[in-house]
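Here is the structure we will look at, set down as structure tokens.
Here is how names work: the chains are called A, B, and so on, in the same order as the sequence lines, proteins then strands, and each is numbered from 1. The shown structure was predicted, so the numbers you read here are calculated from the model rather than taken from an experiment.
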Amino acid sequence: MIDTRVKIAQVEFKNPVIAASGTFGFGREYGEYFSLSKLGGISTKGLTLNKRGGNEGIRIYETTGGILNSIGLQNPGIDDFIQEELPFLEKQDTVLLANVGGSTIDEYIKSVEKLNETNVDGIELNISCPNVKKGGMAFGIKSEIAYKVVLEVRQVCKKPLIVKLSPNAEDIVHMAQCCERAGADGLSLVNTFSGMAIDIYSRKPVFNNILAGLSGPCIKPIALRMVYEVSKAVNIPVIGIGGIMDYKDAIEFIMAGAYAVQIGSGNFINPHICLDIIDGIERFMEDEGIKFIEEIRGVI
Amino acid sequence: MIDTRVKIAQVEFKNPVIAASGTFGFGREYGEYFSLSKLGGISTKGLTLNKRGGNEGIRIYETTGGILNSIGLQNPGIDDFIQEELPFLEKQDTVLLANVGGSTIDEYIKSVEKLNETNVDGIELNISCPNVKKGGMAFGIKSEIAYKVVLEVRQVCKKPLIVKLSPNAEDIVHMAQCCERAGADGLSLVNTFSGMAIDIYSRKPVFNNILAGLSGPCIKPIALRMVYEVSKAVNIPVIGIGGIMDYKDAIEFIMAGAYAVQIGSGNFINPHICLDIIDGIERFMEDEGIKFIEEIRGVI
Amino acid sequence: MKEGYRKVTICSNREIATDIYEMKVKGSGILGDPGQFYMLKGWLGLDPFLPRPISICDISDDKITFLYEIRGKGTGIMANLKALDKIEILGPLGNGFNLNSKGNIAIISGGIGIAPMIYTMKSIDTPIDFYCGFRDEVYYIDEIKKHANNIYITTEDGSVGHKGFITELFVPEKYDIVMTCGPIPMMKKVVQMCKDKVPVFISMESRMACGIGACLGCSIETTWGMKRVCKDGPVFSGEEVIFYD
Amino acid sequence: MKEGYRKVTICSNREIATDIYEMKVKGSGILGDPGQFYMLKGWLGLDPFLPRPISICDISDDKITFLYEIRGKGTGIMANLKALDKIEILGPLGNGFNLNSKGNIAIISGGIGIAPMIYTMKSIDTPIDFYCGFRDEVYYIDEIKKHANNIYITTEDGSVGHKGFITELFVPEKYDIVMTCGPIPMMKKVVQMCKDKVPVFISMESRMACGIGACLGCSIETTWGMKRVCKDGPVFSGEEVIFYD
Ligand SMILES: Cc1cc2nc3c(=O)[nH]c(=O)nc-3n(C[C@H](O)[C@H](O)[C@H](O)COP(=O)(O)OP(=O)(O)OC[C@H]3O[C@@H](n4cnc5c(N)ncnc54)[C@H](O)[C@@H]3O)c2cc1C
Ligand SMILES: Cc1cc2nc3c(=O)[nH]c(=O)nc-3n(C[C@H](O)[C@H](O)[C@H](O)COP(=O)(O)OP(=O)(O)OC[C@H]3O[C@@H](n4cnc5c(N)ncnc54)[C@H](O)[C@@H]3O)c2cc1C
Ligand SMILES: Cc1cc2nc3c(=O)[nH]c(=O)nc-3n(C[C@H](O)[C@H](O)[C@H](O)COP(=O)(O)O)c2cc1C
Ligand SMILES: Cc1cc2nc3c(=O)[nH]c(=O)nc-3n(C[C@H](O)[C@H](O)[C@H](O)COP(=O)(O)O)c2cc1C
Ligand code: FES
Ligand code: FES
């Protein structure tokens, strides 16, 4: 008998596979393909205090082994989420993380205060969004700024607080340590890498915003390295994200130190990918005689 | 009639396509497949003051859209290079950049002094190697350290000095500006991204050194973004590198601001790739009515 | 629960005009309404990374016909496939055309936009006027002739039919319902021509990742706010779509 | 100047034992010596990214035979190919076996390491003792019987031939020259057994990127310093290779 349960910030996940924010909507669409209760958890599409229509122009552009996206946080806003989407998600027997974005500390705080009053199991604080007050530089780049954001959010947040790190951080290890010191209960990484593409015929960037976020298996080796380095440097649980396409990738992240993993772009290639990975992890554990995930976590 | 010549640090390249360091040896092998004189330039395998055998264990590991490598700067050393390899390379009608690695400033300086006395057209200073004096952190991560290295090398270097930047730099733009201020005549970027892979059956890292360098088309969107940002921020020429697999990729880098491009991993997939890219650029210029490369350089 | 990607077998895959291919695939549980589409993955490995959306051009028994144009890497690889090769498909996806349409109906297609309109035409009982514009070569004309009431053809180079754009022949006043699929500028023009005269339904294109409504990559602006082409469309009412210049 | 990657056509590609395939390809200018190899690319797109090194198993006229085992993604995709499909190849590459060998010759292969030894055996005039070890299923035995003087077979499960490892049957003293290809532990054992008794030549494996000597990805340590398996090998003298534990 194997046991795939993991505990992160006092929350128990039935298995270590979580659907990543922005790639899984609010679960409804994938719920047509399988029972969401099979998942370890779901991280919602990034929520902002107010409704956002997202970016204009091309939003998805394929690259070798990945995609650049510039969705621009299209979402219905926290209130609408609580009213329209949460009731459906609450019915699923899986851990629910509310992924929260924002452009000011104030916005983060207001959003978290609203979510405090709900049944979401935890907050995943996305600090990769451009910081409008500081001229567009993301909160997630400079450790000191991230420290401040997390510290203030921590003060109001009554839920387990997972901070989602950007791989564009100047020093990912220092960033992680600052978030830990500021009171994060866990870390998830990585978000998308800043990248770009150019349409050589129109001589213009493909994206209206010029830059876009890179995800998919192309980033996996870098993401894995970051998860490895961060896991070694902090004492809070780390959730590994970045280009996971099968159970082998997931196991790599776990061996690098991750408590759980998130699956993002992979969902687009195969709506059943999370299930396949859950099954694959179980089979691997059986074949290798592993009873608990902890036996292989961070063995590297 | 189109004109593909470009000038970087007073050196004229007949076209903007350069074979990247470490992927082209000292030219001999590819010279069996085409005349090296067709190339804009060649950057040699990374040279160190003394001969190096390189790393033990697995050195090449494929990832989605790229490769992790841990060659470990296997090279015959500067003296042997000058005696055994340079005479062959000198005979080729193409620009020759000597790529120089090192673990101490002193080593860089001694290497450059030896190369001063040769016919190489320029030095490409690779500052991504681990800095043994500072506990293994690469010179290429912190701008202040890079500034010092470049400043000291500049003092002795009698050749055009191109500094090759690591994408692992904390702040690639600031890094570039520091190298410019320290006297670099040009910049080339990017070197490989720090990444890793794990063998889940042996529960060990694939590489003896744990970390390895990621290259190939998987990194292109990030490399392109860095070249774009750096080109906008400095007044010295930038050479774009990272996942270029065809002329379209090359044109993207040029439109992002690059004076020339380097082709690395692509050589492994197709030994004629540099020629194909040179031809493709010419065809594109003809089709689009572009007479000089400058017309499209940095149009973004 | 819906089925995920499943393997189907290629029955035939032939070039019917320059860079235009007709692929027939066979499998169990083949379904779909006119205007719906499938996501196709005709390669092993992760390059191309994303599946490609292709409309249902026709369905009969357990066979689907896809009609596609080589535009890049994905369709290029698809064109290399042969009978008995396997391909993975997900679908049917999206919302198609409303077929309970009464009165005089016009279908207007531009280029490869003809694909979904074939099955649409065949599925509507009323006789239909089919306007199809091409760049140079024409294709699938015989198929249309078999079912259409009238057929109007234009080519940009005048090699077949009227020389020019298909919108030059189209007279909106003659119709009670218009359905269109093709390049955005063409569809925009059709919508403008029909404005305040006749309801028009358009099949939109957008770059897609998931194809099932989760990623918001294909969102377009409509008078009802952001809508997903893959889930809320691809067929929209002409008035609700906001076109940019 | 050498030719780069070129397309050849697959004549046949069949599974001759579980996960073991024999692929015959046809093209112009097909060349190669025993022990040399080709880089193969049996897919469009960039995943897999690197071509795969595969030895020449046989050459006749304008056809090459490759014998390969499914180990992962690349060989898995190759196994899906059919007659008339195209594949890209680069080669022949590397240095093969010295065929001017006189006296009693033994060939020792382990598993798929049999591939280069077939062509090698056929190209040597002297009769040869062929030792081949397998895990369970055996293959290509008929081909060997046609040419070998004696043939010794072992399987790890004893299903065919002697049960055990092939090195248990091998008697180095009987030979003037030994050639071997197979898993590193087997080759290491063979080299140890032959030490100070008989010269042995081994065909090394290493992960490759370029295949032509430029990347230094395949370097191994030898008594002469670092050597590239792809360019300086894959055949080395047993004494010069430094084996690790
Ligand atoms: C709902 C829907 C139904 C479609 N039905 C058909 C059909 O029946 N037959 C057909 O030939 N094509 C159809 N398309 C378009 C088809 O999906 C694209 O041509 C295809 O994805 C291009 O893939 P590629 O790899 O060949 O090109 P790429 O190399 O990816 O790109 C080449 C060019 O194709 C265009 N393109 C790429 N992706 C898309 C996309 N998702 N949507 C629109 N344009 C794109 C871009 O202009 C790009 O520059 C449909 C698209 C949608 C959204
Ligand atoms: C000179 C040379 C000649 C060879 N000749 C043959 C042959 O005739 N028939 C045959 O079946 N195989 C041969 N091989 C081995 C063959 O190249 C590998 O099995 C193949 O590259 C695996 O590719 P894959 O994508 O299927 O596996 P991957 O998914 O890449 O990896 C699966 C496993 O295969 C092994 N592997 C991967 N790449 C290599 C490599 N380059 N060399 C050795 N092991 C590797 C690793 O153990 C890895 O874990 C030869 C190798 C070399 C270097
Ligand atoms: C289309 C898309 C939208 C995304 N939206 C969000 C988001 O709203 N909030 C967030 O924290 N991450 C978002 N992400 C990042 C993913 O959650 C994940 O961190 C990233 O894609 C890397 O994982 P992957 O390689 O498995 O996709 C998005 C990613 C994609 C591809
Ligand atoms: C096998 C290998 C060896 C390399 N060796 C060196 C080196 O010695 N010095 C150096 O500056 N860069 C080295 N590089 C980095 C390349 O020059 C190039 O910067 C990098 O691979 C990104 O380009 P690409 O994506 O086109 O490969 C090496 C890259 C590879 C793949
Ligand atoms: S393609 Fe993902 S929402 Fe439409
Ligand atoms: S594979 Fe590149 S040197 Fe051998």
Side-chain angles (χ1 to χ4, degrees), chain A residues 19-36 45-46 51-76 206 208 212 215-218 220 243 245-246 264-276, chain C residues 1-7 38-53 71-77 88-94 184 205-232 242-245:
Chain A
S21 175
T23 65
F24 211 75
F26 298 107
R28 283 186 201 279
E29 295 79 17
Y30 288 97
E32 297 179 9
Y33 289 85
F34 63 89
S35 160
L36 301 180
K45 172 65 197 167
K51 178 191 170 104
R52 284 174 58 104
N55 294 335
E56 283 179 18
I58 287 177
R59 290 179 166 203
I60 290 279
Y61 186 81
E62 188 182 81
T63 65
T64 307
I67 39 181
L68 284 164
N69 90 75
S70 177
I71 309 295
L73 281 181
Q74 179 186 334
N75 83 93
V206 165
N208 283 11
S215 63
C218 55
K220 195 199 94 180
M245 295 298 292
D246 58 25
S265 310
N267 292 298
F268 306 155
I269 311 307
N270 169 10
H272 288 112
I273 197 167
C274 289
L275 293 195
D276 292 351
Chain C
M1 291 286 152
K2 289 187 183 166
E3 227 182 318
Y5 278 93
R6 54 193 187 273
K7 279 204 177 116
Y38 276 81
M39 294 294 272
L40 270 68
K41 216 166 27 176
W43 43 85
L44 301 164
L46 297 172
D47 181 47
F49 184 60
L50 295 169
R52 300 295 195 254
R71 283 233 220 145
K73 201 155 59 169
T75 48
I77 292 180
E88 285 183 275
I89 64 171
L90 176 78
L93 302 169
I184 298 280
E205 249 194 54
S206 181
R207 279 156 192 272
M208 293 185 175
C210 70
I212 65 168
C215 74
L216 308 184
C218 66
S219 297
I220 55 166
E221 212 177 330
T222 73
T223 50
W224 307 94
M226 300 306 289
K227 291 277 175 196
R228 298 159 302 179
V229 171
C230 67
K231 186 86 177 176
D232 306 313
I242 298 173
F243 289 99
Y244 294 95
D245 296 307

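- The backbone N or O of M226(C) lies less than 3.5 Å from no partner atom in the side chain of Q74(A), so there is not a single donor-acceptor pair.
- Under the 4.5 Å side-chain criterion, counting only non-hydrogen atoms from C-beta, I269(A) is in contact with K41(C).
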**Q.** Pair Y30(A)-C210(C), side chain to side chain contact (heavy atoms under 4.5 Å, CB included): steps then yes or no
**A.** CA-CA 10 Å; Y30(A) 288 97; C210(C) 70; 4.0 Å; yes
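- Heavy atoms only, all atoms of each residue included: M245(A) and F49(C) are closest at CE-CE1, 3.9 Å.
- For the atom pair SG of C218(A) and CG of D47(C), the computed distance is 10.5 Å after rounding to the nearest 0.5 Å.
- Side chain of K2(C) to main chain of G31(A): no donor-acceptor pair is present (N/O by atom type, distance under 3.5 Å, no hydrogens or angles).
- In this structure a side-chain-to-backbone donor-acceptor pair under 3.5 Å is present from E62(A) to L50(C).
- With respect to chain C, the highest number of heavy-atom pairs below 4.5 Å among G25(A), G216(A), G53(A), G66(A) belongs to G66(A).
- Inter-residue side-chain proximity for P271(A) and L90(C) is flagged as met; some heavy-atom pair is nearer than 4.5 Å.
- Contacts with chain C were tallied for T23(A), N270(A), I58(A); I58(A) has the most, counting heavy-atom pairs under 4.5 Å.
- Annotation for G217(C) and I60(A): closest pair CA-CG1, 3.4 Å, computed over non-hydrogen atoms.
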Q: Verify side chain to side chain contact (heavy atoms under 4.5 Å, CB included) between I212(C) and Y33(A), making sure each step is shown before the conclusion.
A: CA-CA 10 Å; I212(C) 65 168; Y33(A) 289 85; 3.5 Å; yes
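- Within the 3.5 Å criterion, the main-chain N or O of L216(C) finds a donor-acceptor partner in the side chain of R59(A).
- Residue E88(C): no heavy atom, backbone or side chain, is found under 4.5 Å from chain A.
- Note on S206(C), P51(C), S219(C), C218(C): by heavy-atom pairs under 4.5 Å with chain A, the leading option is S219(C).
- Each of E29(A), K45(A), E56(A), R28(A) has some count of heavy-atom pairs under 4.5 Å with chain C, and the biggest count is that of E29(A).
- When all heavy atoms are compared, the tightest approach of F268(A) to Y5(C) is O-OH, 4.2 Å.
- Contact of M208(C) with chain A is made through the backbone alone, with heavy-atom distances under 4.5 Å.
- Counting non-hydrogen atoms of other residues, nucleotides and ligands closer than 6.0 Å to NZ of K51(A) gives a total of 12 or fewer.
- To the nearest 0.5 angstrom, E32(A) atom CD is 3.5 Å from K231(C) atom NZ.
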